[in-house]
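Reading through the structure tokens given below for one structure.
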There are 2 protein chains.
Amino acid sequence: MAQENYDALKLENQICFPLYACSREIIRQYKPFLDEIDLTYTQYIAMMVMWERKALTVKALGEYLYLDSGTLTPLLKKLEQKGLVTRNRSREDERNLIVRITPEGEALKAQAIHVPEKMAQCARIEPWEATELYRILYKMLKPD
Amino acid sequence: MAQENYDALKLENQICFPLYACSREIIRQYKPFLDEIDLTYTQYIAMMVMWERKALTVKALGEYLYLDSGTLTPLLKKLEQKGLVTRNRSREDERNLIVRITPEGEALKAQAIHVPEKMAQCARIEPWEATELYRILYKMLKPD
DNA sequence: AACCTATAAATTGCGTACAATTTAATTATA
DNA sequence: TATAATTAAATTGTACGCAATTTATAGGTT
């Protein structure tokens, strides 16, 4: 019986592992900047959608973020406690919960603008590499 | 006062977000295959290191995986319960805990070889793109 | 109208992640 | 050599992620 080839089981030959490690490393780098505006990374990306969309359902928000209600419900309750969003059932269809940004939530945007500014300093890849990385990642996320 | 440019706060202009979303999507794709060998993704990458290294400290394992004892201690206790590894303090330095693969852990490797085989079918990017992705991610992880 | 099906959130339960602290062991230093 | 500083794991507490289930509402069928 021939020797099996187990190279595919080496960590260094995985594509998912550096993806997973890298995303956690960058989120770790965000932390000190996000602490200044009292948001976690997941809360931050949720607020990014709110700054653009102003109001939308939990389902729609989840489609943007690739997250489900199991993650979003407690997260949105925290954003509501902070006064950044409101949560109300839709009058037309009571199954839908509409998340709406508040004036406080809007105001936070002016502070948050400093986060990407500071993160840009941390970049360890060239602009063209960031562009290529972006293209490949979205090809994996949204294959058309 | 001039209009501020908030483009940097758009989700579509982030590099971290697709990284984060992509890593979770791929881990989700692993799940049915990992269920067959009763491992979570984090347990799977920990076992990958064990299959290569046979025995090492929690600290060394954490350096491979970019994880700390807060994550690894409970995870390794679960792998120990499954009989895949043993956990013992080092005789030379009692601060170190040596994680060792068991014969059962070694045996699991023969089953696990089917995981990357099946995952390869799911790839939605070209081989050269995977190579380039790999290079950029490791440049971010280990800037030399 | 009564019933069936589908859908959206919320809930439950498990397993990470990770910062911060604690405990125990080792090493360095006065 | 007593003590201070360092190190490795474990522990604690908070916040995700996500599968599976439940609850509530809406739409379709007879």
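Only this structure's heavy atoms are used, side chains among them; waters, hydrogens and symmetry mates stay out. Below, read A as the first sequence line, B as the second, and so on, with proteins coming before strands; counting in each chain starts at 1.
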**Prompt:** Does a side-chain N or O from A/Lys78 land closer than 4.0 Å to OP1 or OP2 of D/dC16, or not?
**Reply:** yes
**Request:** Nearest-nucleotide wise, let me know which of A/Glu94 and A/Gly70 is further upstream toward the 5' end of DNA chain D.
**Result:** A/Gly70
**Prompt:** Does B/Tyr20 have its ring centroid less than 6.0 Å away from the ring centroid of A/Tyr41?
**Reply:** yes
**Rounded distance (Å) that lies between atom P of D/dA9 and atom CD of B/Glu80** = 14 Å
**Request:** Specify the separation, in whole Å, of atom CE of A/Met47 and atom C1' of D/dA15.
**Result:** 18 Å
**Asked** Taking CG from A/Asp68 and P from D/dC16, how many angstroms apart are they, rounded to a whole number?
**Response** 13 Å
**Fill in**
In whole angstroms, the gap separating P of D/dG17 from CD of B/Glu25 amounts to 13 Å
**Asked** Does OP1 or OP2 of D/dT14 have a side-chain N or O of A/Thr40 closer than 4.0 Å?
**Response** no
**Request:** Calculate the interatomic distance between A/Lys31 atom NZ and D/dC16 atom P; express it in whole Å.
**Result:** 12 Å
**Prompt:** In whole angstrom, what separates A/Gln43's CD from D/dG17's P?
**Reply:** 10 Å
**Prompt:** Does B/Arg24 place a side-chain N or O at less than 4.0 Å from the phosphate oxygens OP1/OP2 of D/dC18?
**Reply:** yes
**Whole angstrom value for the distance that separates C1' of D/dG17 from CG of A/Leu65** = 13 Å
**Item:** Nucleotides bounding contact with chain A, strand DNA chain C, heavy-atom threshold 4.0 Å
**Value:** C/dA6 to C/dA19
**Message:** Tell me whether the rings of A/Tyr44 and A/Trp51 are parallel (<30°), tilted (30 to 60°) or perpendicular (>60°).
**Reply:** perpendicular
**Message:** Closest approach to the side chain of B/Asn96, judged atom by atom: which nucleotide of D/dA9, D/dG17, D/dA26 is it?
**Reply:** D/dA9
**Request:** Nearest-nucleotide wise, let me know which of A/Ser69 and A/Arg95 is further upstream toward the 5' end of DNA chain C.
**Result:** A/Arg95
**Prompt:** Thinking salt bridges, do A/Glu104 and A/Lys82 make one under a 4.0 Å N-O criterion?
**Reply:** no
**Message:** Assuming nearest nucleotide by heavy-atom distance, tell me which of B/Arg89 and A/Glu92 is located more 5' along DNA chain D.
**Reply:** B/Arg89
**Residue pair A/Leu79 / A/Val99, side-chain heavy-atom distance below 4.5 Å** = no
**Request:** Using a 4.0 Å heavy-atom cut-off across all strands, classify A/Thr71 as base, sugar-phosphate, or nothing.
**Result:** base
**Request:** May I have the distance from B/Glu63 (atom CD) to D/dA8 (atom C1'), rounded to whole angstrom?
**Result:** 11 Å
**Message:** I'd like to know if A/Glu36 pairs up with A/Lys31 as an ion pair, taking the criterion as any Lys NZ or Arg NE/NH1/NH2 lying under 4.0 Å from an Asp or Glu carboxylate oxygen.
**Reply:** no
**Asked** Hey, is A/Arg28 close enough to A/Glu25 for a salt bridge, meaning N to O under 4.0 Å?
**Response** yes
**Asked** Do B/Glu94 and B/Arg89 meet the salt-bridge criterion of a basic N to acidic O distance under 4.0 Å?
**Response** no
**Request:** Select base, sugar-phosphate, or nothing to describe what B/Ile27 touches, counting heavy atoms under 4.0 Å on all strands.
**Result:** nothing
**Request:** With DNA chain C as reference, determine whether B/Asp93 or A/Ile98 sits nearer its 5' end, using the nearest nucleotide of each.
**Result:** A/Ile98
**Asked** Is B/Glu132 salt-bridged to B/Arg135, cutoff N-O under 4.0 Å?
**Response** yes
